[in-house]
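Following: one structure in structure tokens, then a few remarks.
In the text below, chain A, chain B and the rest are named by the order of the sequence lines, each starting its count at 1.
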Number of protein chains: 2
Amino acid sequence: MRWTPQRERALELLLRAGGPVKAYDLVATFQPGGQTAPPTVYRALDALVELGLAHRIASRNAYVACHRHDGEAHAASFLFCDCCDAVEEFEAPVGEVMAAIKARGGFQLRAMTLEAHGRCSRCQD
Amino acid sequence: MRWTPQRERALELLLRAGGPVKAYDLVATFQPGGQTAPPTVYRALDALVELGLAHRIASRNAYVACHRHDGEAHAASFLFCDCCDAVEEFEAPVGEVMAAIKARGGFQLRAMTLEAHGRCSRCQD
DNA sequence: ACAGTTATGTTATAATGTATCGCGTCCGCA
DNA sequence: TGCGGACGCGATACATTATAACATAACTGT
Ligand SMILES: [Zn+2]
Ligand SMILES: [Zn+2]
Ligand SMILES: [Zn+2]
Ligand SMILES: [Zn+2]
């Protein structure tokens with residue numbers, strides 16, 4: 001897995017956005033003047049996910065830079081506000097869940113994602 | 001929220017499948033002889049999710065009947081096999097996670113989904 | 001019966017994601 | 001230094017997934 005200008009560019013855009021970004025937003029903004037072919041964008045994003053620098057948020061069809069921005073493996077956990085579209089990554093304590101999976105036997109865990117949906121503090125009025 | 005033939009039909013198909021079903025599979029099979037308009041299918045599926053009788057599996061763009069098949073609210077938790085496409089709903093112990101969300105304050109939780117990815121017992125050879 | 005709400009039908013279109021093929025570039029190795 | 005394989009990128013076309021918008025029908029309570 002190499003570190004390339006495309007991937008750096010994608011990560012830069014994710015970080016600058018500071019939140020979830022849709023693939024087709026990058027299709028529009030990847031290069032300053034004009035469009036980029038979708039496969040180019042998807043490949044860059046997939047690489048970032050593979051490298052542990054970003055997460056894919058399946059329920060929103062979006063990608064977001066990992067808040068840790070080192071490539072350490074961890075369960076990707078997010079809080080989603082139903083009202084505004086705020087999304088925040090947090091460190092969910094998934095120890096019990098992992099233990100339960102181990103306890104039921106036969107399943108070899110590789111990765112875990114967790115989505116909590118509700119109302120953020122700003123949207124409770 | 002009414003209980004209608006469309007919704008019953010959708011649930012019947014999910015139950016019969018016994019696993020994740022894609023919306024466009026239902027588009028093809030919803031009525032015996034021919035296609036159904038996508039909005040009809042999506043509306044029926046959305047209603048089932050709303051009623052707590054099914055879950056949407058975002059990472060697969062698929063729907064599955066809830067293993068409890070009563071409408072009780074609960075965290076939707078699934079084990080996904082990376083090799084075969086087996087998916088199993090299980091009861092993840094998310095108490096700690098919910099407590100952590102409460103503890104950080106300001107977020108009013110409504111629903112939670114959890115996806116565990118790895119290899120099922122049949123795929124570890 | 002009436003009005004308000006909820007559900008369905010229909011058409012078209014938007015949004016999201018991949019297959020494929022060819023070419024260039026990088027890296028390890030002889 | 002030359003070779004060979006793996007990896008990355010560009011480009012085109014296409015497949016899949018989901019929704020907008022509007023009209024009609026069915027149900028519900030009064
Ligand atoms: Zn992260
Ligand atoms: Zn909010
Ligand atoms: Zn369930
Ligand atoms: Zn398997």
Side-chain angles (χ1 to χ4, degrees), chain A residues 1-14 17 19-64 71 78 80 82 85 87 113 115 117, chain B residues 1-14 17 19-64 71 78 80 82 85 87 113 115 117:
Chain A
M1 207 65 164
R2 300 177 201 153
W3 189 244
T4 69
Q6 303 277 34
R7 290 162 190 186
E8 182 149 21
R9 172 69 173 150
L11 181 57
E12 176 198 347
L13 290 171
L14 291 192
V21 177
K22 308 211 129 204
Y24 272 76
D25 292 344
L26 292 194
V27 165
T29 58
F30 205 73
Q31 16 184 12
Q35 298 235 319
T36 304
T40 299
V41 169
Y42 280 101
R43 287 192 282 233
L45 291 170
D46 289 350
L48 294 183
V49 171
E50 191 94 1
L51 290 165
L53 299 174
H55 301 290
R56 174 167 151 71
I57 300 180
S59 67
R60 295 228 180 159
N61 299 322
Y63 294 80
V64 63
F78 293 91
F80 297 80
D82 298 329
D85 284 343
V87 173
T113 67
E115 300 193 356
H117 297 262
Chain B
M1 208 63 168
R2 300 176 201 152
W3 188 244
T4 70
Q6 304 276 37
R7 291 161 189 185
E8 181 150 22
R9 171 69 172 153
L11 181 57
E12 176 198 345
L13 290 171
L14 291 190
V21 177
K22 308 211 128 203
Y24 272 75
D25 291 344
L26 292 194
V27 164
T29 58
F30 205 75
Q31 17 185 13
Q35 298 235 320
T36 304
T40 299
V41 169
Y42 280 99
R43 288 194 279 232
L45 290 170
D46 289 349
L48 294 183
V49 170
E50 189 94 2
L51 290 165
L53 299 174
H55 301 291
R56 174 168 151 73
I57 300 180
S59 66
R60 296 228 180 158
N61 300 320
Y63 295 80
V64 63
F78 293 91
F80 297 80
D82 297 330
D85 285 343
V87 174
T113 68
E115 300 195 354
H117 297 261

Relative orientation of the end axes in the helix from C:dA1-D:dT30 to C:dA30-D:dT1, expressed as an angle to the nearest 10° (five pairs per end)
40°
Indicate every side-chain donor-acceptor pair of residues 49-59 of chain A with a distance under 3.5 Å to a residue at least two apart or in another chain.
unit_1  : atom_1 : unit_2   : atom_2 : d
A:His55 : NE2    : A:His74  : NE2    : 3.4
A:His55 : NE2    : A:Glu89  : OE2    : 3.0
A:Ser59 : OG     : A:Glu115 : OE1    : 2.8
A:Ser59 : OG     : A:Glu115 : OE2    : 3.2

Ordered by number, residues from residues 19-35 of chain B within less than 4.0 Å of DNA chain D (heavy atoms) are B:Lys22, B:Tyr24
Across nucleotides 5-11 of chain C, 5' to 3', mark each nucleotide with B, S or - according to how protein heavy atoms within less than 4.0 Å reach it.
BBSBBBB
List the steps and the verdict of side-chain contact (heavy atoms from CB on, under 4.5 Å) for B:Phe78 and B:Thr113.
CA-CA 8 Å; B:Phe78 293 91; B:Thr113 68; over 6 Å; no
For the pair made of CG in B:Leu45 and C1' in D:dT17, what is the distance, rounded to whole Å?
12 Å
Are the side chains of B:Asp46 and B:Tyr63 in contact, using a 4.5 Å heavy-atom criterion?
yes
Could you check how far CG of A:Asp46 sits from C1' of C:dT18, rounded to whole Å?
11 Å
Spell out, as yes or no, whether a donor-acceptor pair under 3.5 Å connects the side chain of A:Arg9 to the backbone of A:Phe30.
yes
If I take atom CG from residue B:Asp82 and atom CZ from residue B:Phe80, how far apart are they, to the nearest 0.5 angstrom?
10.5 Å
Where do B:Thr29 and B:Leu13 land on the side-chain contact (heavy atoms from CB on, under 4.5 Å) test, with the steps shown first?
CA-CA 9 Å; B:Thr29 58; B:Leu13 290 171; 4.1 Å; yes
Go through the steps for A:Val27 and A:Lys22 under the test side-chain contact (heavy atoms from CB on, under 4.5 Å), then give the verdict.
CA-CA 9 Å; A:Val27 165; A:Lys22 308 211 129 204; over 6 Å; no
Nearest-Å distance, OH (A:Tyr42) to P (C:dA15)?
12 Å
Only one of B:Met1, B:Glu8, B:Gln6 passes side-chain contact (heavy atoms from CB on, under 4.5 Å) with B:Thr4; say which it is.
B:Gln6
For DNA chain C, the residues among residues 48-62 of chain B that have a non-hydrogen atom under 4.0 Å from it
none
Is there a side-chain contact (heavy atoms from CB on, under 4.5 Å) between B:Trp3 and B:Leu11? Walk through the geometry before answering.
CA-CA 11 Å; B:Trp3 188 244; B:Leu11 181 57; 3.8 Å; yes
Which atom pair, heavy atoms only, marks the closest approach of A:Asp25 to A:Val21?
CB-CG1, 4.0 Å
Which donor-acceptor pairs under 3.5 Å do side chains of residues 34-45 of chain B form with protein atoms, sequence neighbours excluded?
unit_1  : atom_1 : unit_2  : atom_2 : d
B:Thr36 : OG1    : B:Gln31 : NE2    : 3.3

